[in-house]
Number of protein chains: 2
Amino acid sequence: MDCPGNEQGLRYGGVTSLSDVAQAAGVHPGTASRALNPQTRHRVSAETAQRVQEAADRLGYQPNSVARALRTRRSHMVAILIPDLTNPLFPPIVRGVEEVLAPAGYSAILVNTDNDEAKEGHLFAELRGRQCDGFIVATARREHPLLEQAAAEGVAMVLVNRVTDRRPASSVTADEAGGVHAAIAHLSSLGHRRIAHLAGPQNLSTGLIRYRAFVDACDRAGLGPDDRPVVVCDSFSETAGEAAMHRLLRESVRPTAVFASNDLLALGALDATRAAGLRCPQDLSVVGFNDMPFLSRMSPALTTVHVPQRTIGAEAARMLLQSLEDPGPPRSLLLGCELVVRASTGPAPRN
Amino acid sequence: MDCPGNEQGLRYGGVTSLSDVAQAAGVHPGTASRALNPQTRHRVSAETAQRVQEAADRLGYQPNSVARALRTRRSHMVAILIPDLTNPLFPPIVRGVEEVLAPAGYSAILVNTDNDEAKEGHLFAELRGRQCDGFIVATARREHPLLEQAAAEGVAMVLVNRVTDRRPASSVTADEAGGVHAAIAHLSSLGHRRIAHLAGPQNLSTGLIRYRAFVDACDRAGLGPDDRPVVVCDSFSETAGEAAMHRLLRESVRPTAVFASNDLLALGALDATRAAGLRCPQDLSVVGFNDMPFLSRMSPALTTVHVPQRTIGAEAARMLLQSLEDPGPPRSLLLGCELVVRASTGPAPRN
DNA sequence: GTGAAAGCGCTAACAG
DNA sequence: CTGTTAGCGCTTTCAC
């Protein structure tokens, strides 16, 4: 029976090492190394190369990446830092990252930070200790001394869906401002003249950017400050959205439309709307942001701004690999967003 | 300014090594190692220990896990194999795994296999080469020669949400049969006497188990073979569910209820139902499986069997860590499921 | 084109 | 209690 790793030359534990292969092929380990590495195979006679390759196959040799990493100082591992995998925004991003990393021979270590600064610092240090070659960071806090320092030290890093206020690092982001403008233009064209904003946490880059873009877009649409009430939520969650919406509905003059800083906030807002006995979209229109999966199946199907999550992940990975091969100055990639109109928006009700 | 790693003793590249710390503390690297490792700290004088610790802190020392792993043959890395992170079933499982791994000092490498055997074999070999200490495998093919061989070789491994036909490896699974029985009992109690099954792929453990349990439950409910038509889907996806449902609805005698092998199939079935001009649940009841996130917001809110995904992940991780500390015979943990009744099921229509 | 030897950073035996 | 030494498995100079 052909059972790899079951011949003489077997190391205890069933693992075949390079010297086993070398011995089996009758060459020096150094030569075996050269023969097996595509980069250096040409420095070895075709005949030897083949003999070594055959021995390796026969023994089921699998190179020990740890030893290789120690020697070459390249682990071929990339760390992905996200706030919470359970937030439906992130799985597509992570998948996009892996789609690019895997074929390039890189593996991804995934960690959840819960946007907790201490936790993040901890994890980051640990991952550096693991000799990760690069970092894809999708946590969105604006202030980020650790990352800034790391970037300054030349650690390869791509920021996703977020921008630091200073920009020492590369990033790939959605054109959030563009998306916000499209959303507000849509509401405006439906006749809405009083549009509220459920803003995300202002210490998160997305929260702030979308808030600013909202104000800007309302200005352009000719809405005065009183016609664009804002409630800031303390997290991007359904419960926060629901609470914020309740607060909003208590105000004397009700808005006819709500632009939420992300889909989860919007879903919470819908709950509050329903609880208040209002119908969406007849009494109140709601727009979200991100276009997380399955939104079209919800009731009502949520109008939102589509963010190309998988592409963002893939591009971030590409950018990281590139800067690993040949480090250069930071780059920023901006990907377009598109408004997806569904059932949660309609004409403004007449007073 | 206090800038770690910026003193003399600094290695090129800004990384501080153990000998730098040792030198700064005026001790031998071996001693520094002992002082810094909680396991061996007691073998060193309290005074030295503190001096070394201070030097380490001052220099911002971060141990090189790669070197450590090479020496100790423990990488403190665990691989998670899942079919597709984009399937909403998996993020909670992965999160649960990480919740347990991280505090224990383990990192998780995540890979998507798309249930592709070749890809999986490839990735698995690569991960073994990376010296992962253990594997959490959530891919559900029943036949799995690679894994079986690995398990036989003593590779630490926990299977999640799946069982191999032979059982050389540990596993954590939901009580799927129990869940199926609850679902069918529910439908039966609503008066349904003709219940169809949208079965999952029969080469996947979940697909087969749920199918068998369905047949069994129908028997107990007193339904004859003709009263429980089955359509097998070739993937656990919405499109497959939709196609299967269309096929079902073309049959002469229509079922009054459908039990789908998972939520995605159920969602697809709902599409087909709507397209055929039937209302759910008035004309047809639908039950899913898994209770993936946001189901309660869909229209109609799907009745389904709740699987404790996060718990499954956490328990799998615990089990893996345990078997890493002290390998023993395989264990199997079965976690209870609960039927969640929502709006997609109702009384059987009268003929 | 191939062998010899050094060394990545760490830990674990072994001395003393 | 601490210093010394060897070596994990690999790559990479340097000789020949």
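Worth knowing before you read on, the calculation uses all heavy atoms, side chains too, and leaves out hydrogens, waters and symmetry mates.
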Of A/N37 and B/A46, the one whose closest DNA chain D nucleotide lies more 5' = B/A46

Given D/dG9, D/dC10, C/dC10, which nucleotide is nearest the side-chain atoms of B/A67?
-> C/dC10

Nearest to side-chain heavy atoms of A/R71, which nucleotide of D/dC10, C/dT2, D/dG3 | D/dC10

Can you check the B/R74 CZ to C/dT11 P distance for me, whole Å?
-> 14 Å

For B/R43, report the nucleic acid contact type (base, sugar-phosphate, nothing); a contact means any heavy atom under 4.0 Å.
-> base

B/Q131 CD to C/dG9 P, in whole Å, measures 19 Å

Whole angstrom is fine here: how far is it from NE2 in A/H28 over to C1' in C/dA6?
-> 11 Å

Looking only at side-chain N and O atoms, does A/T31 come under 4.0 Å of OP1 or OP2 in C/dG3?
-> yes

Does a distance-only test, which skips hydrogens and angles, find a donor-acceptor pair under 3.5 Å between the side chain of A/R73 and the base of C/dG9?
-> no

Separation of A/Q62 atom CD from D/dG9 atom P, in whole Å?
-> 14 Å

Within a strict 4.5 Å, meaning less than it, do heavy atoms of the A/P91 and B/F90 side chains meet?
-> no

Spacing of A/R68 atom CZ relative to D/dC8 atom C1', expressed in whole Å | 16 Å

Is B/R34 side chain donor-acceptor paired with the D/dG3 base, going by distance under 3.5 Å alone?
-> yes

With the side chain counted from C-beta on, respond yes when A/H76 and A/R68 share a heavy-atom pair under 4.5 Å apart, and no when they do not.
-> no

So what does A/S33 hit on the nucleic acid, given a heavy-atom distance under 4.0 Å: a base, only sugar-phosphate, or nothing?
-> base

Using a heavy-atom cut-off of under 4.0 Å over every strand shown, decide if B/T48 touches base, sugar-phosphate, or nothing.
-> sugar-phosphate

If we only count heavy atoms from C-beta on, is the A/V111 to A/I82 side-chain gap below 4.5 Å?
-> no

To the nearest angstrom, the CD-C1' distance between A/Q39 and D/dT11 comes to 13 Å

Are any of the side-chain nitrogens in A/E54 or A/R51 under 4.0 Å away from the carboxylate oxygens of its partner?
-> no

Steps toward salt bridge (Lys or Arg N to Asp or Glu O under 4.0 Å) verdict (B/E126, B/R130) = CA-CA 6 Å; B/E126 154 128 17; B/R130 281 194 187 281; 3.4 Å; yes

Side-chain contact check for B/V27: nearest option of D/dG3, C/dA6, C/dG3 is D/dG3

Please determine, for the side chain of A/L18, which listed nucleotide (D/dC10, D/dT2, D/dT4) has the closest atom?
-> D/dC10

Expressed in angstrom and rounded to an integer, what is the separation of B/N64 atom CG from C/dG7 atom C1'?
-> 14 Å

Phosphate oxygens OP1/OP2 of C/dT2: is one of them under 4.0 Å from a side-chain N or O of A/S45?
-> yes

Contact under 4.0 Å: B/Y61 side-chain N or O vs C/dG9 OP1/OP2 = no

Under a 4.0 Å N-O cut-off, is there an ion pair linking B/E153 with B/R128?
-> yes

For the pair made of CG in A/L70 and C1' in D/dT12, what is the distance, rounded to whole Å?
-> 14 Å

